[in-house]
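Lettering of chains follows the sequences in order, A, B, ..., and the numbering in each one begins at 1.
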Number of protein chains: 2
Amino acid sequence: MAAIGIAAGMKIGVLASRSGLTVKTLRYYEDLGLLPAIGRSEGGYRLFAEESLRRLEFIRRLKTLGLSLEEIQDCLAVHDAGELPCGDIEIRLGRQIERIDGQIKELRQLRMELQELLAGWQSDPAKDGNVICPNLQV
Amino acid sequence: MAAIGIAAGMKIGVLASRSGLTVKTLRYYEDLGLLPAIGRSEGGYRLFAEESLRRLEFIRRLKTLGLSLEEIQDCLAVHDAGELPCGDIEIRLGRQIERIDGQIKELRQLRMELQELLAGWQSDPAKDGNVICPNLQV
DNA sequence: CTTGACTCTCCAGCTATAAAGAGACTCTAA
DNA sequence: TTAGAGTCTCTTTATAGCTGGAGAGTCAAG
């Protein structure tokens with residue numbers, strides 16, 4: 001019985017305002033298993049530890065970097081198993097770069113196709129009865 | 001009663017195999033109003049005109065170029081009103097290029113952030129009890 | 001004791017584009 | 001006449017990440 005003033009746990013609204021997320025989102029994360037509560041109050045209210053804030057910061061950061069909640073959960077599982085997740089995260093972020101490169105490549109190809117198409121565009125071509133828009137013919 | 005052998009309309013399976021789309025997709029398009037049937041057979045089967053093939057080609061092409069079905073429907077509405085949709089389509093494709101540019105820009109920024117982060121990555125840093133992954137600290 | 005803020009669970013919906021399946025009906029060829 | 005292929009409508013599912021509401025229970029202040 002040493003410390004005085006150690007909170008038994010935050011209620012969800014407090015965690016929401018401290019983290020900047022909505023109550024709904026926090027419940028959603030808890031349902032997914034991303035954000036375990038330390039328990040429930042007598043009345044059934046979720047109680048969260050201070051550590052939840054760091055966890056949410058971690059989630060937010062990886063989400064910003066484009067990882068899915070599922071991937072983030074996998075990272076957290078490594079952490080929760082007591083291991084440093086850094087190596088795991090590094091690999092995932094590397095894959096994320098590859099995904100991004102693939103997307104950029106696709107977008108660039110599409111952009112080029114669009115631009116070439118528009119380069120030869122005739123906004124008012126002769127009406128061809130069979131074709132909806134003659135410019136689109138390949 | 002001049003012509004002989006003019007088909008009264010294709011059934012959906014024929015249109016599916018000729019267009020390369022699935023029956024499900026064609027029904028979906030018809031429900032959306034993208035692909036009007038010319039009517040129904042006595043037994044209630046959808047009947048499609050030859051023109052449906054051109055319409056589907058048009059849809060397929062604009063979808064490939066990244067327009068949504070809703071935008072495509074707007075283009076088709078212009079066509080169905082008896083006007084040439086080319087000018088309309090040109091504008092939409094121009095906007096599509098802008099959208100793509102925006103996406104590419106976002107992806108490049110994200111890629112840069114990821115790469116900078118990984119450049120200084122330590123896969124096995126000293127364990128900091130408070131932080132899940134020290135590399136992610138901003 | 002009351003009031004109002006907070007929280008609970010459960011259910012529905014949103015974006016877009018279909019796919020999957022159930023149960024019934026139709027059509028065609030042998 | 002019958003088998004089997006095709007088609008019908010209607011409902012549900014999928015993805016991802018939430019958001020909103022209903023109706024009921026909890027809690028702290030006055």
Side-chain angles (χ1 to χ4, degrees), chain A residues 7-48 52 55-56 58-76 92 96 99 103 110, chain B residues 7-48 52 55-56 58-76 92 96 99-100 103 106 110:
Chain A
M10 271 174 282
K11 281 189 289 186
I12 200 166
V14 174
L15 184 57
S17 63
R18 287 182 67 188
S19 68
L21 295 168
T22 70
V23 169
K24 287 279 190 190
T25 300
L26 297 182
R27 280 200 202 105
Y28 178 64
Y29 284 179
E30 202 230 320
D31 285 349
L32 290 184
L34 275 175
L35 183 71
I38 49 180
R40 294 288 179 121
S41 73
E42 287 186 6
Y45 289 7
R46 288 170 184 81
L47 296 174
F48 294 97
S52 296
R55 213 169 165 94
L56 287 173
F58 179 80
I59 293 169
R60 192 199 58 73
R61 180 85 172 110
L62 287 185
K63 234 167 74 66
T64 300
L65 294 172
L67 294 202
S68 68
L69 294 183
E70 195 178 354
E71 287 175 297
I72 296 171
Q73 190 161 14
D74 292 340
C75 298
L76 283 167
R92 288 176 197 277
Q96 171 67 354
R99 281 198 294 260
Q103 288 172 19
L110 181 53
Chain B
M10 271 176 282
K11 282 189 288 187
I12 199 166
V14 174
L15 184 56
S17 63
R18 288 182 65 188
S19 67
L21 295 167
T22 70
V23 169
K24 290 280 189 191
T25 299
L26 297 182
R27 279 199 204 106
Y28 178 63
Y29 285 179
E30 203 231 321
D31 285 348
L32 290 184
L34 276 175
L35 183 71
I38 48 179
R40 296 288 179 120
S41 73
E42 288 185 5
Y45 289 7
R46 288 170 184 82
L47 297 174
F48 295 96
S52 296
R55 214 171 164 92
L56 287 172
F58 178 81
I59 293 170
R60 191 200 59 72
R61 180 83 172 110
L62 288 186
K63 235 169 73 67
T64 300
L65 294 172
L67 296 203
S68 68
L69 294 182
E70 195 177 355
E71 286 176 297
I72 296 170
Q73 189 160 15
D74 293 341
C75 299
L76 283 167
R92 288 176 197 279
Q96 171 68 355
R99 282 198 293 260
I100 290 171
Q103 288 172 20
E106 279 180 19
L110 180 54

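Atom-to-atom, OH of B/Tyr28 to C1' of C/dA20 comes out at 15 Å; the value is rounded to the nearest Å. Rounded to an integer number of Å, the gap from B/Leu32 CG to C/dT15 C1' is 14 Å. The nearest whole Å value for the distance from the CZ atom in A/Phe48 to the C1' atom in C/dC6 is 14 Å. For the pair A/Leu47 CG and C/dT7 C1', the interatomic distance rounds to 11 Å; values are reported in whole Å. Per the geometry, CZ belonging to B/Arg27 stands 12 Å off C1' belonging to C/dG21, to the nearest Å.
Applying the side chain to side chain contact (heavy atoms under 4.5 Å, CB included) test to B/Thr64 and every residue at least two apart in sequence or in another chain returns B/Arg60. Residues satisfying the side chain to side chain donor-acceptor pair (under 3.5 Å) test with A/Gln73, not counting sequence neighbours, are none. Scanning for side chain to side chain contact (heavy atoms under 4.5 Å, CB included) contacts around A/Phe58 gives A/Leu62, A/Ile72, A/Cys75, A/Leu76, A/Ile89, B/Ile132, B/Cys133, B/Leu136, with sequence neighbours left out.
Against DNA chain C, the stretch residues 13-26 of chain B makes heavy-atom approaches under 4.0 Å through B/Thr22, B/Lys24, B/Thr25. A heavy atom closer than 4.0 Å to some atom of DNA chain D occurs in A/Lys63, A/Ser68, A/Leu69, these being the qualifying members of residues 62-69 of chain A.
A/Arg46 has no side-chain polar atom (N or O) that falls below the 4.0 Å cut-off from OP1 or OP2 of C/dT7. In this model, the phosphate group of C/dT17 is not approached by any side-chain N or O of B/Tyr29 to a distance below 4.0 Å at OP1 or OP2.
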Notebook entry, point to check: Which letter, B, S or -, goes with each nucleotide of nucleotides 24-30 of chain C from 5' to 3', with contact meaning a protein heavy atom under 4.0 Å?
Noted result: --BS---

Compile the donor-acceptor pairs under 3.5 Å between side chains in residues 14-21 of chain B and protein atoms, sequence neighbours left out, one pair per line.
unit_1	atom_1	unit_2	atom_2	d
B/Ser17	OG	B/Gly13	O	3.4
B/Ser17	OG	B/Val14	O	3.1
B/Arg18	NH1	B/Glu50	OE2	3.0
B/Arg18	NH2	B/Glu50	OE1	3.2
B/Ser19	OG	B/Leu15	O	2.8
B/Ser19	OG	B/Ala16	O	3.3
B/Ser19	OG	B/Leu21	N	3.2

Pairs under 3.5 angstrom only: tabulate donor-acceptor contacts from the side chains of residues 23-40 of chain A to other protein residues two or more places apart or in another chain.
unit_1	atom_1	unit_2	atom_2	d
A/Thr25	OG1	A/Thr22	OG1	2.8
A/Glu30	OE1	A/Arg46	NE	2.2
A/Arg40	NH1	A/Gly44	O	2.9

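With rounding to the nearest 0.5 Å, the separation of CZ in A/Phe48 from CE in A/Met10 is 8.5 Å.
Over its length, the helix from C/dC1-D/dG30 to C/dA30-D/dT1 turns its helix axis by 30°, as judged from the five terminal pairs at each end, rounded to 10°.
Protein chain B contacts DNA chain D over a range whose 5' and 3' limits, counting nucleotides with an atom under 4.0 angstrom from a non-hydrogen atom, are D/dG6 to D/dT9.
With A/Leu67 as reference, A/Glu71 is the one residue of A/Lys63, A/Glu70, A/Glu71 to meet the side chain to side chain contact (heavy atoms under 4.5 Å, CB included) rule.
Residues A/Arg92 and A/Asp74 come closest through the heavy atom pair NH2-CB, 3.2 Å.
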